Structure formats: C-alpha cells, structure tokens
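As the structure is a prediction and not an experimental result, all values here were calculated from the model. Ligands are counted one by one from 1 in listed order, and the atoms in each one are counted from 1 as well.
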Amino acid sequence: MPIFLDTGNIKEIEKYLKMGIIRGVTTNPTILLKEGVTGGMRGVRARSIEIARLIGPLPLSVEVTTNDPLQMRSQAQELAALAPNINVKITIHGPNGELQNLEVIHELEEQRNIRVNATAMMSAQQCLLAAMAGATYVSLFGGRVANMGYNPCEEITRLRKVLDNFNLKAKIIIGSTREVLNIIEWLGAGAHFVTVVPNLLEGMIVHPYSKETVRQFLNDAAKIETQMEVEHLFPTEKRNGNKAGVIITPSKEKLVIREHKAQV
Ligand code: E4P
C-alpha cells in the first residue's frame, strides 16, 4: 500500500482517489497555506474534516500548528476527534531543538490512544527514537536529506532494518518528493509509504513514449475501422466481382475502389 498523496487540494485528492492509486493523504501547515487555508485552527479543522470524509477510511495526517507542549496535546486531541481516520503530526523536536516533543508523542500514543505521525525528520536515528516513543508513522524528508548531500536510500534501508529487527510497529513514510525517480527508489530501499506531490504522481503515470505508442495504436485502429468499412461496403468477394465505386470513410477520407481483375 505504498502511495500517499502529499496535498491539501480537494480536486487533486478526488482525481487520484477515483483512480484507486492512493492509500492516504498527508498535509502540513505549509501545504495547507499553499492551498488557501486561513483562519488558524478553525481553517485547519474545516479542511481536515473535508479531506477525512472524502478519503475515509484511508488515513489523513494533519499537523499541529504550535510547539507549545500543552497546546500540542489539546490540538492533537481536537484533531483526532474530528474523524477516526485522522492521525496527528508532531515534529521530532521544537524549532530550537526543544526535546519535549517525544514526550508528547509518547503520551498521545500510549495514554490518549491518538495515532501520531512523527515528522520533520532527517535521519534514521531520529525516526528510531520516535518509533520507540510509540509513533504509528515516522516521516523522513527524503528530498531535504538529499538536499543536504546525504543519500536518503541509505537512511531508509538502515531505518527499515532497525525497525524490523526490533519489531517496532512504526511505518516509514518518506516525504519531500522532488522527482519521479524518488518514489520507486525509496520504496525499493524499504519505505512503507512515499507521500507524493500530485504533479509527480502524474509524472509516474504519463510517459512520452506511451503517448506515442497509444497514438500509433489509435491511428491504426482508425485504419482498421476504415478497412472494415470498405469490407462492409465492398466485401472482398464483391470487390473481386470487380464492382467499382466511391465511398466516404468515417474520417471523411474519399476512397475510390478502382476496377481491377483479381490475379488468380
Ligand atoms: C510530508 O509529510 C511532508 O510534510 C512533506 O512531504 C514535506 O515536503 P517538503 O520538504 O517539500 O516541504
């Protein structure tokens, strides 16, 4: 079940949901802002309910909008209560390295039965600790890791090995997709999910050579159609009877059946 959609755009979600190729949606405050969400938590709640209902029971990840420990807990409770398929995103630490986020993750999972997607992580060791704190999902930002000059595939493989070796329940989500190649590579390296931005999902589907091939098939299908039309109007045996005539094909092509003697 490898593909999540990384967007807050309802139209994009509907499009790919209909195709049956996504298994969930992830958002973050930057994504929601880009999709026109305003009004603070009220706006986040409204869009989250809309998406959660649209994709239910598939999982939706929604991020808290604060790093205050008490507010993170109350927002998490609020978001999780909006719909059964919502899991709450909590960053691995605060903007200045504040460490209480792991405590919040642990408490939400173990005491409040709220599924957490631990996020904004760049290394296997961060993900391992979030998994040990009880997170349901651990999100590694593949594109940002690559941006720093590290190979995300190595981090993913190391992480998957450790999680499997210690039977930790956490599922690995790789986010921050930058190119189509990322998706198959990161899944091959051991990710459980890759959350893909819509334009890259389209890039996975549409191949220039497939376009050319389909065009060729359609052109030849039209010729078959024409051929059938000729056959229908002038069956071979009839033509062999040397009847002549002019017919207009479905593609408005003029076809002249010339009289000729069958070479027997
Ligand atoms: C996913 O959960 C992440 O929030 C998202 O993929 C981050 O992507 P970015 O690095 O493009 O902001």
Candidate pair Glu35 and Asn9, rule side chain to side chain donor-acceptor pair (under 3.5 Å), full reasoning: CA-CA 6 Å; Glu35 294 302 336; Asn9 183 305; 3.2 Å; yes
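Asp6 pairs with exactly one of Thr27, Thr26, Asn28, Thr177 by the side chain to side chain donor-acceptor pair (under 3.5 Å) rule, that one being Thr26.
Ranking the protein heavy atoms by distance from atom 3 (C) of ligand 1 puts Phe141 CZ, 3.5 Å first.
A donor-acceptor distance shorter than 3.5 angstrom exists from the side chain of Thr157 to the backbone of Ala189, with no hydrogens or angles considered. Of the possible donor and acceptor atoms, one in the side chain of Lys169 sits under 3.5 Å from a partner among the backbone N and O of Gly134. Proximity of a side-chain donor or acceptor of Glu185 to a complementary backbone N or O of Cys153 within less than 3.5 Å is not detected. Asn182 contributes a side-chain N or O that, together with a main-chain N or O of Glu179, makes up a donor-acceptor pair within less than 3.5 Å.
Those atoms of ligand 1 that come under 4.0 Å of a heavy atom in Lys89, given as number and element, are 1 (C), 2 (O), 3 (C), 4 (O). Atoms of ligand 1 found under 4.0 Å from any heavy atom of Gly175, numbered from 1 in the order shown, are 6 (O). Counting the atoms of ligand 1 from 1 in the order shown, those under 4.0 Å from a heavy atom of Arg144 are 9 (P), 10 (O), 12 (O). Atoms of ligand 1 found under 4.0 Å from any heavy atom of Arg178 (numbered from 1 in listed order, with element): 9 (P), 10 (O), 11 (O). Interface atoms of ligand 1 facing Asn28, defined by a heavy-atom separation under 4.0 Å, are 3 (C), 4 (O), 5 (C), 7 (C).
Ranked by closest heavy atom to atom 8 (O) of ligand 1, the top entry among Gly143, Gly142, Ser176 is Ser176.
Ring planes of Phe4 and Tyr137: perpendicular class, angle over 60° (limits at 30 and 60°).
Considering backbone and side-chain N/O atoms, Asp6 comes within less than 3.5 Å of an N/O atom of ligand 1.
Heavy-atom separations between Thr195 and ligand 1 include at least one value shorter than 4.0 Å.
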